[in-house]
Amino acid sequence: MAHSNSIEIKEFDTIIIGSGLAGLTAAYHASKNGSVAIITKSQLDISNSYYAQGGIAAVTAPEDSFESHIQDTLVAGRELCDLDAVEILVSEGQKCVQELISLGMEFDKEKGEFVLGLEGGHTHRRILHAGGDATGKGLTCFMLKKVKEQNNIEVFEYTTVVELLVVDQICAGVQAFDFVTGKNIVFKSKATIIATGGLSRIYDRSTNPHTATGDGIALAYHAGAKLSDIEFIQFHPTALCIPGEEAFLISEAVRGEGAWLLNPNGERFMQQIHPLAELAPRDVVALAIYNQLQVHQTDFLYLSLKHLNPELIKKRFSNIYQTLLNYNIDLTSDLLPVSPAAHYMVGGIHTDLSGETNIPGLFACGEVASTGVMGANRLASNSLLECLVFGKRAAEKATQRKQIYIDLPELNIIHVNSENENNFLEAKNNIAALMSKNAGIVRSAEKLNEALEELRIIKSRLPEKINEYNLLKIKHIADICTLICESALIRKESRGGHIREDYRSEDPKLCVHLIQQKDQHFRFQEINK
Ligand code: SIN
């Protein structure tokens, strides 16, 4: 690893942090109105969006309607969605999808008609997909191509943002660290858009890539941005569960085609729990599986597709089918061992309908943002749609900002000491185990307080002023987990993706957003109904 104390200074109109679908969409639109830098800590094509299997929900079928998509989103969100945000998502979502198609994006069709999938909580078939179960890959590759065609977008791979530069309460750019040269770089900008994705890798079983550790949340929080509803973590009900192996996602679309969930006795159980059975909203299915796992004292249940047409399944889910063959599992004829895994951060950086945060010049879009569309539980396949709609909105507002002239604040120069890498991995694994045990699908005050105490101890071992990257990462992860546990403690009810065994039902008084901000008390904010 190269080291250097010198600081490079670069200037762009708009900076985008992250290269998932939200970041790429924002970059593409921002480039119509100025220069853009995309900063990504890994490769351009590593993101949560890339791995999305399910698809993108949008109203395209004649028998479907905006009202129906809005209603399904609100029902899944358990009264915590902001209606104006959901209306924008659904109506502008359809236009964004049409715009993509006019640019050349191809969604799967049969006999000239879109092949529309069904997923949990949707009352209509409305999920568009590309390449069967590789929609995220199809969409991000398409947007990558579009981004690469723009000559005013510059990409900085293997570069991580370590601080947002907020001067006189305005975000004036970022400080970043280049892993290849070891240099600190200041990127000055009129606007900065955080599109760093989620944080599900803070749990030990997650469907996300290793990079999903909530960096954007930590950066925004430390800069003074408001966060909302971060206690809501969505656990995907069906991730492959093989000891020692990663939690590979088995798309909800598989249940959309009729797959059954079976307990260890080979019995279906979802029909007794919800009228939509296996296709109930995700929080309902994940909790039902959790309860079955407790009753049967087992680590996994089964997904069965034995009763379905094998040729259709192989064609529709070719990526899942091929991946499972590596584990000697045949998707069409074997029982698949599955259990829930952390999948999506429902809350995030609080933004208005243009993706702007409470800090002028700072925007957020995609999974890292809390725009008000997801409520207490995201409706399946609304997330890629949110990336398109609010990525575009954020870029359009961001590029209206005027040039600002600032004196750079004093910088905390960051370096990497590879001797700390093992410390980071050990701390990350310990925190992931702690969060899974104490702040997973089912929480309680006792478990959350225990986790907070452990996190306090982890943080107390860190130096007060941190200028080493691995130690900074430990602090950021411990900070985010502390924030999740604190908001989960405040929400003394069970709603959507937040289940408290000591407060089993919904509390109408808590039908509000929970706002957290550095050096401020918790606040409640009304839902826009
Ligand atoms: C899935 O394919 O089940 C995941 C899709 C999503 O998270 O919306």
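Whatever order the structure lists ligands and atoms in, that order sets their numbers, starting from 1.
- Atoms of ligand 1 found under 4.0 Å from any heavy atom of Ala380, numbered from 1 in the order shown, are 8 (O).
- The shortest contact between atom 2 (O) of ligand 1 and any protein heavy atom is with Ser251 OG, 2.7 Å.
- Applying the 4.0 Å criterion to heavy atoms of Ser381 picks out, from ligand 1, the atoms 6 (C), 8 (O).
- Between the side chains of Glu267 and Asn263, a donor-acceptor pair is found at a separation under 3.5 Å.
- Using bins of under 30°, 30° to 60° and over 60° for the plane-to-plane angle, the ring pair Phe107/Phe114 lands in the perpendicular bin.
- Within the listing of ligand 1, atoms 4 (C), 6 (C), 7 (O) sit less than 4.0 angstrom from a heavy atom of His343.
- For ligand 1 and His236, the ligand atoms under 4.0 Å from any heavy atom of the residue are 1 (C), 3 (O), 4 (C).
- For residues 132-145, no pair satisfies side-chain hydrogen bond (donor to acceptor under 3.5 Å, both in side chains), with sequence neighbours left out.
- The six-membered or imidazole ring of Phe235 lies away from that of Tyr290, with a centre-to-centre distance of 6.0 Å or more.
- Checked options Leu388, Leu144, Ile153; the residue passing with Leu24 is Leu144 (criterion: side-chain contact (heavy atoms from CB on, under 4.5 Å)).
- Ligand 1 has at least one atom lying under 4.0 Å from a heavy atom of Arg378.
- Here the shortest heavy-atom distance to atom 5 (C) of ligand 1, taken over Arg282, Glu252, His129, belongs to Arg282.
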Verdict with supporting geometry, His122 and Asp72, side chain to side chain donor-acceptor pair (under 3.5 Å): CA-CA 6 Å; His122 288 273; Asp72 291 349; 4.5 Å; no

